[in-house]
2 protein chains.
Amino acid sequence: MPLSDLTSLPGVTATPDAATRGYVFNHTMIRVRDLDVSLDFYTRVLGFTPVYKSVFAEAAFTIVYLVLVGDQGVIPDDDDARKEWVLRQPGVLELTHNHGTENDPSFAYHNGNSEPRGFGHLCVSVPDVEAACARFEALGVTFQKRLSDGRMRHIAFIRDPDQYWIEILQPTPFAA
Amino acid sequence: MPLSDLTSLPGVTATPDAATRGYVFNHTMIRVRDLDVSLDFYTRVLGFTPVYKSVFAEAAFTIVYLVLVGDQGVIPDDDDARKEWVLRQPGVLELTHNHGTENDPSFAYHNGNSEPRGFGHLCVSVPDVEAACARFEALGVTFQKRLSDGRMRHIAFIRDPDQYWIEILQPTPFAA
């Protein structure tokens, strides 16, 4: 579908209001049961780097912002500069940890894909989806959908420690 | 907190595996009840541009990818080039519309912020949070939290047509 058809879909404002210049889709926040376990998953399996952490002691929660950058050298070392930098980036992941949930074996968050539904998934695009999935298998990652499952053979879904779904695909055409 | 303290937090892999080079946190998917209404909100209020649409007729759902770019000139016009391009971008929003929900007045998705909780919010950073909030007020946008509500006077939350929360903040320090 040509871009002009997309920008003339019902409801669409074809040319963004100039007032939105500089708006950035900065982050997506998900709650996690055990922060250490989630930090392990997102940094070791997916290559994220934590760049900001804030503890709200009175309200008993902690937030961590993570970015997925190929080169950690782009991350400012100075604290203030790094905080401003991360809030200008697109594609940041915010993990929120409510203190204590990690000690309750029965505690679980809702991933949005059973009733009541809403949020669906995060997606990480990778240069080579077959190589990435082979690596996830080797790391013991849980799959929601392998490339070989179902009819959409070009995408996979893995699950994070809280069972949130993460789609894995590659930008270039891929036919299994 | 210095970056070195963040990368030595429990669980964190300090230096990402070279195999994750080229991984991109590409998109976040949320389900929407009425696609036209959501496209209006995300394009008119927040400045997104739809860049890809796919209709899955048999499974009765449609997906639309939207990007928030200051200059639409960066978006490739060619269909194949644009699809590859969008899958390489960080900070893409995917809307999924299950056909027919828009005709059911009682239908509603779950925004993750009441039980069962999980997903929390999206965040759009803006150059000037006061100006952005004044604009949202003028547009009749629903607020979950105005700048003046509560103790965190530097952030606001608005709600999209499905009641998903969208945090609004500015990268630079702001004291109300």
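Side chains are part of it too, since the values below use all heavy atoms of this structure and drop only hydrogens, waters and symmetry mates. Sequence lines set the chain letters: A, B, ... in the order given, protein chains first and strands last, and positions in each chain run from 1.
- Using a 4.5 Å cut-off between heavy atoms, A:Ala18 does not touch chain B at all.
- Between the CD atom in B:Glu115 and the OH atom in A:Tyr109 there is a gap of 8.5 Å [rounded to 0.5 Å].
- With a threshold of 4.5 angstrom between heavy atoms, B:Leu169 approaches chain A through side-chain atoms but not through N, CA, C or O.
- With a 4.5 Å cut-off on non-hydrogen atoms, A:Tyr52 touches chain B through its backbone but not through its side chain.
- Under the 3.5 Å distance criterion, the side-chain polar atoms of A:Glu167 are left unmatched by any main-chain donor or acceptor of B:His27.
- A 4.5 Å side-chain heavy-atom check between A:Pro16 and B:Thr49 finds at least one atom pair inside the cut-off.
- For a residue to count as touching a neighbouring chain, one of its non-hydrogen atoms must lie under 4.5 Å from one of that chain's; by this rule A:Asp79 touches chain B with the side chain only.
- For the atom pair CG of A:Leu66 and CZ of B:Phe25, the computed distance is 10.0 Å after rounding to the nearest 0.5 Å.
- There is no contact between B:Gln89 and chain A, counting heavy-atom distances below 4.5 Å.
- For the pair A:Arg135 (side chain) and B:Thr20 (backbone), a donor-acceptor distance under 3.5 Å is absent.
- Among the candidates A:Asp77, A:Asp78, A:Leu122, the residue making the largest number of heavy-atom pairs closer than 4.5 Å to chain B is A:Leu122.
- Note that the CG atom of B:Leu139 and the CG atom of A:Asp17 stand 7.5 Å from one another [nearest 0.5 Å].
- Rounding to the nearest 0.5 Å places OG of A:Ser125 at 6.5 Å from CG of B:Leu87.
- Side chain of B:Arg88 to backbone of A:Thr172: no donor-acceptor contact under 3.5 angstrom is found.
- For A:Leu9, the part lying under 4.5 angstrom from a heavy atom of chain B is the side chain only.
- With a 4.5 Å cut-off on non-hydrogen atoms, A:Asn113 touches chain B through its backbone and its side chain both.
- Proximity to chain A is absent for every atom of B:Val69, based on heavy atoms less than 4.5 angstrom apart.
- At a 4.5 Å heavy-atom cutoff, A:Val37 makes no contact with chain B through either its backbone or its side chain.
- Contact detail for A:Pro127 and B:Arg21: the closest heavy-atom pair is CG-O, 3.6 Å.
- Residue contact with chain B, scored on non-hydrogen atoms closer than 4.5 Å, is absent for A:Asp128.
- Residue B:Phe41 does not touch chain A at all, counting heavy-atom pairs closer than 4.5 Å.
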Please step through side chain to side chain contact (heavy atoms under 4.5 Å, CB included) for the pair B:Asn98 and A:Arg117, ending with a clear verdict. CA-CA 12 Å; B:Asn98 290 299; A:Arg117 295 193 302 169; 3.8 Å; yes
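- Atoms CZ and CE, on A:Arg82 and B:Met1 in that order, are 9.5 Å from each other to the nearest 0.5 Å.
- Between A:Phe119 and B:Phe119, the ring planes are parallel. Angles under 30° get that label, and only those over 60° would be called perpendicular.
- Note that the OG1 atom of A:Thr7 and the CG atom of B:Leu39 stand 11.5 Å from one another [nearest 0.5 Å].
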